[in-house]
2 protein chains.
Amino acid sequence: MTTNSLTAEDLGSAAQRDRRRRILDATIALASKGGFDAVQMRAVAEQADVALGTLYRYFPSKIHLLVSALARQFDDTSSMVGRRTVPGDTPADRVIYVLRRATRGMQGDANLTEALTRAFMFADASVATEIHVVGMQLTTMLTRSIKGDAYVEGEQPSDEDVAIARVISDVWLSALVSWVTGRETAEDVADHIETAVRLVLR
Amino acid sequence: MTTNSLTAEDLGSAAQRDRRRRILDATIALASKGGFDAVQMRAVAEQADVALGTLYRYFPSKIHLLVSALARQFDDTSSMVGRRTVPGDTPADRVIYVLRRATRGMQGDANLTEALTRAFMFADASVATEIHVVGMQLTTMLTRSIKGDAYVEGEQPSDEDVAIARVISDVWLSALVSWVTGRETAEDVADHIETAVRLVLR
DNA sequence: GTCATAATAGAAACACGTTGCAGTTTCGAA
DNA sequence: TTCGAAACTGCAACGTGTTTCTATTATGAC
């Protein structure tokens, strides 16, 4: 294994950085238009204007590609949403507010959500790094919501808060899967999440 | 659509019932040996001694096949475990006991677990029926554990118990995915589940 | 500027899920 | 028993993820 695939850290020249960007752009565009099935490697390569072999040099599988796209999306969103105080009087209210917003956002681009969620659920250990990043972003978002105004930048949340955030993440992920696979409606998902949040944050 | 696929209810002749059994046996055997990837439709057909087209007549996709296998496994296990009182003094203890047993059982056949879990997470709306069956089995198992000796056959569990069971199912499923995809160890999973159960059942 | 090395393009080939089809067998009704 | 419909077999073919290979182009050391 003399030549590895290019990672986010080790992006060589400007041309390579640009190729990587074009590939992820094409991925998002295709996913947004037709979901997981529409993200076909040949189509991504063509739309990004790279050869198929090059695509595989940058991302060793379709799953890596989609999870990397997910990580970039998360980065973009969280850097935009940034550090605004979460409205709501109780932890439960704040968490529900945040999750409702997130869920609504994902409903707005159902195909993209389906593609990224499926990839996330299918990802194996070789994608653990990217997955972990996404998990941390989610936990941070939730513990911040739980603490509300009491949140202090850099301070460690309590073990219990982390445990609660984790349970809520799990419920949210399950609900997301139910939704993207067409087994539950958006209302089902919202109700289910709200019930769960009020249960663990009572 | 004049000819539908054969469902579990509409199993025609004894020969057809036997074909179905052979197919599911072959599926479990292959999954147990090599996981999701080893369950190849041609291999299943050959091992079950049916033509590929026949396999697809019984199960319209690999996902249907695997989820049906999962449902049968669940049936077998729950009919074996049957109606034995769950040990433990508190709901949390009983639920943890049951989940530990289940988790240990799945670790004992990691490949099979990986295959069935992946199929479950990938299943779309066309598999909703089979999925629903599995979900009900899981919920029943958990509500029974929560109630312990107070459980009465045929009695409806309370809304809160169902909600709790559902949250625990979600956590368990997420943990399972983390484990089968190699992102967490079995100990991680056990700890995580125990924390979650004590949180919602305090 | 030259040259070795790595990166890319382009295209063929492979693997496996899935579909389609022609011929054969099974099965139930008359 | 005979007949027609449904089920089954065997096999070829297609689509898409993945691999592989050769020729070409970009890059960086000297």
Side-chain angles (χ1 to χ4, degrees), chain A residues 1-7 10-23 26-27 30-31 33-69 115 118-119 122-124 126-127, chain B residues 1-7 10-23 26-27 30-31 33-69 115 118-119 122-124 126-127:
Chain A
M1 216 69 67
T2 58
T3 53
N4 286 319
S5 70
L6 276 44
T7 66
D10 165 39
L11 21 78
S13 65
Q16 284 173 328
R17 211 162 28 246
D18 195 57
R19 273 200 196 84
R20 192 187 147 89
R21 186 190 53 70
R22 287 207 312 275
I23 291 172
T27 303
L30 287 168
K33 179 171 274 187
F36 187 86
D37 289 341
V39 181
Q40 301 184 358
M41 301 305 270
R42 290 173 179 83
V44 171
E46 187 180 2
Q47 183 152 337
D49 205 33
V50 299
L52 186 57
T54 305
L55 171 54
Y56 272 94
R57 239 184 89 68
Y58 280 70
F59 301 95
S61 78
K62 174 170 173 172
I63 299 296
H64 280 82
L65 175 60
L66 280 168
V67 175
S68 300
R118 282 214 138 109
F122 218 70
D124 67 2
S126 70
V127 213
Chain B
M1 216 71 67
T2 58
T3 52
N4 286 319
S5 71
L6 276 42
T7 67
D10 165 38
L11 22 79
S13 64
Q16 284 174 328
R17 210 160 32 243
D18 195 58
R19 272 198 198 88
R20 192 185 148 91
R21 185 190 53 71
R22 288 205 312 273
I23 291 172
T27 303
L30 287 167
K33 180 170 273 186
F36 187 87
D37 290 341
V39 180
Q40 302 184 357
M41 300 305 270
R42 290 173 179 85
V44 171
E46 186 180 2
Q47 183 152 338
D49 205 35
V50 298
L52 187 56
T54 305
L55 171 54
Y56 272 92
R57 240 183 87 68
Y58 280 71
F59 302 95
S61 79
K62 175 171 173 172
I63 299 296
H64 280 82
L65 174 60
L66 281 167
V67 175
S68 300
R118 283 214 138 110
F122 218 70
D124 67 2
S126 72
V127 210

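Quick note: numbers below take in every heavy atom, side chains included, and nothing from hydrogens, waters or symmetry partners.
- Evaluation of the salt bridge (charged side-chain N to carboxylate O under 4.0 Å, His left out) rule for A:Arg42 yields no partner, not counting sequence neighbours.
- For the pair A:Glu46 (side chain) and A:Ala43 (backbone), a donor-acceptor distance under 3.5 Å is absent.
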Which parts of nucleotides 17-28 of chain D does protein reach within less than 4.0 Å, heavy atoms only, written one letter per nucleotide 5' to 3' as B for base, S for sugar-phosphate only and - for none?
BBB---------
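- Checked against ring-ring contact (aromatic ring centres under 6.0 Å, His included), A:Phe122 has the following partners two or more places apart in sequence or in another chain: B:Phe36, B:Phe122.
- B:Ile23 has its CD1 atom 14 Å from the P atom of D:dA7, to the nearest Å.
- Scored by the side-chain contact (heavy atoms from CB on, under 4.5 Å) test, A:Thr54 finds A:Arg19, A:Val50, A:Ala51, A:Tyr58 as partners (sequence neighbours excluded).
- Remark: A:Ala69 pairs with A:Leu24, A:Thr27, A:Ile28, A:Leu116 by the side-chain contact (heavy atoms from CB on, under 4.5 Å) rule, at least two apart or across chains.
- Distance A:Arg118 CZ to D:dT16 P: 16 Å, rounded to the nearest Å.
- Rounding to whole angstrom units, CG of residue A:Leu55 and C1' of C:dA11 are separated by 15 Å.
- Considering only side-chain N and O atoms, B:Tyr58 lies under 4.0 angstrom from the phosphate OP1 or OP2 of D:dC8.
- Rounded to whole angstrom, the span from the CD atom of B:Glu46 across to the C1' atom of C:dC16 amounts to 15 Å.
- Following rounding to the nearest Å, B:His64 (NE2) and C:dT19 (P) show an atom-to-atom distance of 11 Å.
- For A:Gln47, the side-chain contact (heavy atoms from CB on, under 4.5 Å) criterion is met by A:Ala26, A:Ala29, A:Leu30, not counting sequence neighbours.
- Rounded to an integer number of Å, the gap from CD of B:Gln16 to P of D:dA7 is 7 Å.
- Separating the CZ atom of A:Arg57 from the P atom of C:dA9 is a distance of 11 Å, rounded to the nearest angstrom.
- Remark: C1' of C:dC27 and CZ of B:Arg17 are 15 Å apart, rounded to the nearest angstrom.
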